[in-house]
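In each ligand, atom 1 is the first atom listed, and ligand 1 is the first ligand listed.
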Amino acid sequence: MKITSFLKTSTNKFVVLHEPVTRLRRFTTSVPEAHSLLACNNNKQYIDCRFPKEVAASRQNVFDRYFTVVPDAVTENEEVQLIDEIEKSLKRLRYQHDHWDDAIHGYRETEVVVWKNQTNGDIIQRLRSLAFKDDSNTVPMQRVHVLDICDDGYVKAHVDSIKFCGNIIAGLSLLSDSIMRLADEAEPHIHVRALLPRRSLYIMKDDVRYKYTHEILPDNDEPFNGKRIVRKRRVSIVFRNEPPVS
Ligand code: OGA
Ligand code: MN
């Protein structure tokens, strides 16, 4: 389904994706996990590495370099203000519980180019600068992608299309904690669970963005660092950059 078909009522503040949403994401099917897994020390509080011993050091290095979780990237007040503006647009849309082969279940989504509330525009610009600060020759997209998954919604393992998105993807998580699972695309038993606390920003780039699938898990009992993480309705604001010109 084309996102344009259910966004006819949106105001000119909200510009829609011109491509079918599914083209943003390239699917892979998941494969059962291997047993001999080793936890690593990489930013232990947020990243739980599940690497076979023989590749642990090199893979940890990849995640140290190319994956970060920034806790408290926005304040509680800023979260309220962002959600307030986002809700005005989202409330017109119905959650999609689509076909088995969709990348996402229980979701609605939109794009924001211009924020009506200037403070929100400033927050978004601050986060954009943070996400792209080390990469001076990238072109961050001005528009952001807003994805709302309901209590039982989830995002399946995929890699974002290299045609529509560059080497950096960053996401602000609002309203709920969640677990993101990242798995080597060729050897999915080599994987990481990342805790994305409410109001945190994750930044994934280069090797992690291209060679690992990412997914947002549905609510589940598996604890993270001994703590049960409850996944409720979650709204994310996703930042991307333009793909390189070839
Ligand atoms: C996506 C995606 C993750 C998130 O929309 O392609 O992976 O944090 N979203 O919402
Ligand atoms: Mn994605």
[X] bridged to [Y] by N-O distance under 4.0 Å:
X: Arg228; Y: Asp221; answer: yes
X: Arg181; Y: Glu222; answer: no
X: Asp206; Y: Arg65; answer: no

Which of the numbered atoms in ligand 1 are below 4.0 angstrom from a heavy atom of [X]?
X: Tyr202; value: 3 (C), 4 (C), 8 (O)
X: His158; value: 1 (C), 2 (C), 6 (O), 7 (O)
X: Leu147; value: 5 (O), 9 (N), 10 (O)
X: Asp160; value: 6 (O)

[X] touching ligand 1 at heavy-atom level, < 4.0 angstrom:
X: His145; result: yes
X: Gly171; result: no
X: Arg234; result: yes
X: Arg240; result: yes

Notebook entry, point to check: Does any donor atom in the side chain of Glu85 or Asn117 lie under 3.5 Å from an acceptor atom in the other side chain?
Noted result: no
Item checked: Side-chain donor-acceptor contact under 3.5 Å, Asn167 with Asn241 ->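 Short answer, yes.
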Notebook entry, point to check: To the nearest 10 degrees, how large is the angle at the Mn ion (ligand 2) between His158 NE2 and His214 NE2?
Noted result: 90°
Note to self: Quick check for you: to the nearest 0.5 Å, what is the distance between Asp148 atom CG and Arg233 atom CZ?
What the structure shows: 4.0 Å
Item checked: Distance (rounded to the nearest 0.5 Å) between Ser236 OG and Glu109 CD ->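 Going from OG on Ser236 over to CD on Glu109, the span is 9.0 Å.
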Note to self: Quick check: of its N, O or S atoms, which one does Asp160 have closest to the Mn ion (ligand 2)?
What the structure shows: OD1
